[in-house]
S.K.: 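If you scroll down you'll find the structure; I have some questions about it.
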Amino acid sequence: MSGPAAGTAVAATTTDVVCLGESMVTFLPSQPGRLADVPSFGRGIGGAESNVACALAAAGHRAAWVGRVGADGFGDHLVGAIASYGVDTSAVRRDPVRPTGIYFRTATDRGTDTHEVAYYRAGSAASAMSPANVPYEELFAGRVLHLSGITAALSGDCLALLRELTAPRAGRPLVSFDVNHRPHLWRDGDASVLLELARRSDLVFVGEDEAEEAWGIVGAEAIRAAVPEPAVLVVKRGSAGATVFASGLRPGPRSSITGGAEIDGAEFAPDTVTHVPALRVDVVAAVGAGDAFAAGFLSATLRGLPVRDRARHGHLMAAAVLTVPGDLTEPPARDHADRLVALDDDAWGRLRLGPGWTAADRASEEVRTP
């Protein structure tokens, strides 16, 4: 098929979030150092959208991941590993010709000059996703459809698919879009298309740094001015925290999730702007935090929590990943996270989280001065 009909309705479902994107087998170094010097690697999984699905499932939500992998051993490993988190992988498609993508990375922070990543994803099974070969019924079967800008960079067909999925149509689920600008993927393309996709979405995550790099837009207010359409825009500001812009829209069928409504023809009211400081974290590895933040924010959104609490849950989920070596970890228990989120501003500001914090039974155990 070439795409969903304009009136495609959401199927009856019990799924909370459907995540679409490429997942790859990742090879993690056995020790710090250059890729040329690392003697061995351990196998894991990596992929922005599957990371979100795994984190949501681990947090007790009904999550599904839709992707395309090769008919190979790495594809078997990916599907099995993601399913082990409780994620529904029944809509994953196997490509009989193209391989599953893989990559190798060093142990250093992704933001440093010494960090190296070697991708082997050109011509991968996921890059062949298109409007003609994805299962639309499954994609539109959840309350939320979560996408990222990484998919748009994989191929022209993948970009066409994201344009289809973000197109306004009656009955589409809430579309969550993480800009996820990866400069190396856009060397031969125009990353400004990510701005187009963001403007067609309902809930958008974007970092201040990536907005400047991809679009030349500086500052949270300027980003909101460039992306006025989404009911909720989350601007991630690194150690400074996150600023959430939530627009007042007239009531509609999606108001229970977004706090807003349908975007088609809506009259925009002034934003409510909420700044939520980041936590102090004893970082073990700065990988996967953005995906975890999105999962935490989505989790709290599905629960109908206030905007401040959604961002705090995002920070806590990110802190869980930052304090372990890999991209994924067991999140804090919901009641534990809720107690931390309910702290007053002063106590929140004194929180400092280190390895093992998610196993603590009482919020008071986490509050300490440096």
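Numbers here are sequence positions counted from 1.
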S.K.: Are Tyr136 and Phe177 linked, directly or through intermediate hydrophobic residues, by side-chain heavy-atom contacts shorter than 4.5 Å (ILVMFWY only)?
M.R.: yes

S.K.: For Glu138, which residues count as a salt bridge (charged side-chain N to carboxylate O under 4.0 Å, His left out) partner, sequence neighbours excluded?
M.R.: none

S.K.: Is the shortest heavy-atom distance from the side chain of Phe205 to the side chain of Leu233 under 4.5 Å?
M.R.: no

S.K.: Tell me if a side-chain donor or acceptor on Trp215 pairs with a main-chain N or O of Ile223 at a distance below 3.5 Å.
M.R.: no

S.K.: Mind checking side-chain hydrogen bond (donor to acceptor under 3.5 Å, both in side chains) for Glu210 and listing every partner two or more places apart, or none if nothing turns up?
M.R.: none

S.K.: Are Asp178 and Leu147 close enough that some pair of their side-chain heavy atoms sits under 4.5 Å apart?
M.R.: no

S.K.: Going by an N to O cut-off under 4.0 Å, is there a salt bridge joining Arg172 and Asp202?
M.R.: yes

S.K.: Does Leu78 form a side chain to side chain contact (heavy atoms under 4.5 Å, CB included) with Val25? I'd like the steps, not just the answer.
M.R.: CA-CA 7 Å; Leu78 272 178; Val25 173; 3.9 Å; yes

S.K.: Could you work out, with side-chain hydrogen bond (donor to acceptor under 3.5 Å, both in side chains) as the rule, every residue matching Asp72, not counting sequence neighbours?
M.R.: Thr100

S.K.: Could you check if a side-chain atom of Ile102 sits within less than 4.5 angstrom of a side-chain atom of Tyr119, using non-hydrogen atoms only?
M.R.: no

S.K.: Tell me whether Asp95 contacts the main-chain N or O of Val97 through its side chain, where contact means a donor paired with an acceptor under 3.5 Å.
M.R.: yes

S.K.: Can you tell me how far the SG atom of Cys158 sits from the CD1 atom of Ile150, to the nearest 0.5 Å?
M.R.: 11.5 Å

S.K.: Side-chain atoms of residues 284-298: list all donor-acceptor pairs with protein atoms under 3.5 Å, sequence neighbours left out, distances to 0.1 Å.
M.R.:
unit_1: Asp291; atom_1: OD2; unit_2: Asn51; atom_2: ND2; d: 3.0

S.K.: I'd like a table of donor-acceptor pairs (distance under 3.5 Å, sequence neighbours excluded) in which one partner is a side-chain atom from residues 32-42, with atom names and distances.
M.R.:
unit_1: Arg34; atom_1: NE; unit_2: Asp37; atom_2: OD2; d: 2.9
unit_1: Arg34; atom_1: NH2; unit_2: Asp37; atom_2: OD1; d: 3.2
unit_1: Arg34; atom_1: NH2; unit_2: Asp37; atom_2: OD2; d: 3.4
unit_1: Ser40; atom_1: OG; unit_2: Ser30; atom_2: OG; d: 3.0

S.K.: Cluster question for you: counting only ILVMFWY and a side-chain heavy-atom cut-off of under 4.5 Å, with indirect links fine, are Leu20 and Leu194 together?
M.R.: yes

S.K.: So, are Glu22 and Arg121 salt-bridged, with charged N and O less than 4.0 Å apart?
M.R.: yes

S.K.: I need the minimum non-hydrogen distance between Ala220 and Glu208, along with the two atoms involved.
M.R.: N-OE2, 3.3 Å

S.K.: Please evaluate residues Asp282 and Arg352 with respect to the criterion side chain to side chain contact (heavy atoms under 4.5 Å, CB included), reporting the C-alpha separation (whole Å), side-chain torsions for both, the decisive distance (0.1 Å), and the verdict.
M.R.: CA-CA 7 Å; Asp282 297 331; Arg352 182 161 185 163; 2.9 Å; yes

S.K.: Strictly below 4.0 Å, N to O, side chains only: are Glu164 and Arg169 in salt-bridge contact?
M.R.: yes

S.K.: Report yes if the side chains of Val281 and Thr323 come closer than 4.5 Å at any heavy-atom pair, otherwise no.
M.R.: yes

S.K.: Could you state whether Val92 and Leu154 fall into the same hydrophobic cluster, counting links through intermediate Ile, Leu, Val, Met, Phe, Trp or Tyr residues with side-chain heavy atoms under 4.5 angstrom apart?
M.R.: no

S.K.: Assigning hydrophobic clusters by single linkage (Ile, Leu, Val, Met, Phe, Trp, Tyr; side-chain heavy-atom cutoff under 4.5 Å), is Leu139 placed with Leu162?
M.R.: yes

S.K.: Sequence neighbours left out, what passes side-chain hydrogen bond (donor to acceptor under 3.5 Å, both in side chains) with Arg163? Give chain and number order.
M.R.: Glu196

S.K.: What pairs meet the salt bridge (Lys or Arg N to Asp or Glu O under 4.0 Å) rule with one or both residues in residues 147-157, with sequence neighbours excluded?
M.R.: none

S.K.: Any salt bridge between Asp345 and Arg312, counting N to O under 4.0 Å?
M.R.: yes

S.K.: A side-chain contact here means heavy atoms from C-beta on lying under 4.5 Å apart; do Leu351 and Leu343 qualify?
M.R.: yes

S.K.: Is there a path of hydrophobic side-chain contacts, each under 4.5 Å between heavy atoms of I/L/V/M/F/W/Y residues, joining Leu203 to Val52?
M.R.: yes

S.K.: For Val341, does its backbone N or O pair with a side-chain atom of Arg308 as donor and acceptor, under 3.5 Å?
M.R.: yes

S.K.: Between Ser148 and Glu49, is there a side-chain donor-acceptor contact under 3.5 Å, judged purely by atom types and distance?
M.R.: yes

S.K.: Looking only at atom types and distance, does a side-chain atom of Arg280 sit under 3.5 Å from a main-chain N or O of Gly349, one as donor and one as acceptor?
M.R.: yes

S.K.: How long is the span from the CG atom in Leu316 to the CG atom in Leu353, to the nearest 0.5 Å?
M.R.: 6.5 Å

S.K.: Under the side chain to side chain contact (heavy atoms under 4.5 Å, CB included) criterion, do His146 and Val18 qualify, and how do the steps go?
M.R.: CA-CA 6 Å; His146 180 72; Val18 178; over 6 Å; no

S.K.: With a 4.5 Å limit on heavy-atom distance, are the side chains of Leu28 and Thr26 in contact?
M.R.: yes

S.K.: Is there a side chain to side chain contact (heavy atoms under 4.5 Å, CB included) between Val204 and Val232 once you walk through the steps?
M.R.: CA-CA 6 Å; Val204 173; Val232 179; over 6 Å; no

S.K.: Salt bridge (Lys or Arg N to Asp or Glu O under 4.0 Å): which pairs involve residues 75-91, sequence neighbours left out?
M.R.: Asp76-Arg94

S.K.: Is there a donor-acceptor contact under 3.5 Å linking the side chains of His61 and Ser299?
M.R.: yes

S.K.: Test of understanding: with salt bridge (charged side-chain N to carboxylate O under 4.0 Å, His left out), list the residues that count as partners of Arg303, not counting sequence neighbours.
M.R.: Asp338

S.K.: With no hydrogens and no angle check, is any side-chain donor or acceptor of Asp16 less than 3.5 Å from a backbone partner on Ala63?
M.R.: no

S.K.: Can you sort out the partners of Asp190 under side-chain hydrogen bond (donor to acceptor under 3.5 Å, both in side chains), two or more places apart, ordered by chain and number?
M.R.: Ser192

S.K.: Do Ser23 and Ser50 meet the criterion of a side-chain donor-acceptor pair at a distance under 3.5 Å?
M.R.: yes

S.K.: Restricting to salt bridge (charged side-chain N to carboxylate O under 4.0 Å, His left out), what partner residues turn up for Asp344, sequence neighbours left out?
M.R.: none

S.K.: Measuring from atom CG of Leu56 to atom OH of Tyr85, what distance do you get when rounded to the nearest 0.5 angstrom?
M.R.: 13.5 Å

S.K.: With a cutoff of under 4.5 Å between side-chain heavy atoms, which Ile, Leu, Val, Met, Phe, Trp and Tyr residues group with Val218?
M.R.: none

S.K.: Any side-chain heavy atom of Met129 within less than 4.5 Å of one from Val66?
M.R.: no

S.K.: Below 30° counts as parallel, above 60° as perpendicular, anything between as tilted: where do the rings of Tyr120 and Phe104 land?
M.R.: perpendicular

S.K.: Is there side-chain contact between Pro230 and Arg200, with at least one heavy-atom pair below 4.5 Å?
M.R.: no

S.K.: Just how far is it from atom CD of Glu212 to atom NE2 of His181, taken to the nearest 0.5 Å?
M.R.: 12.0 Å

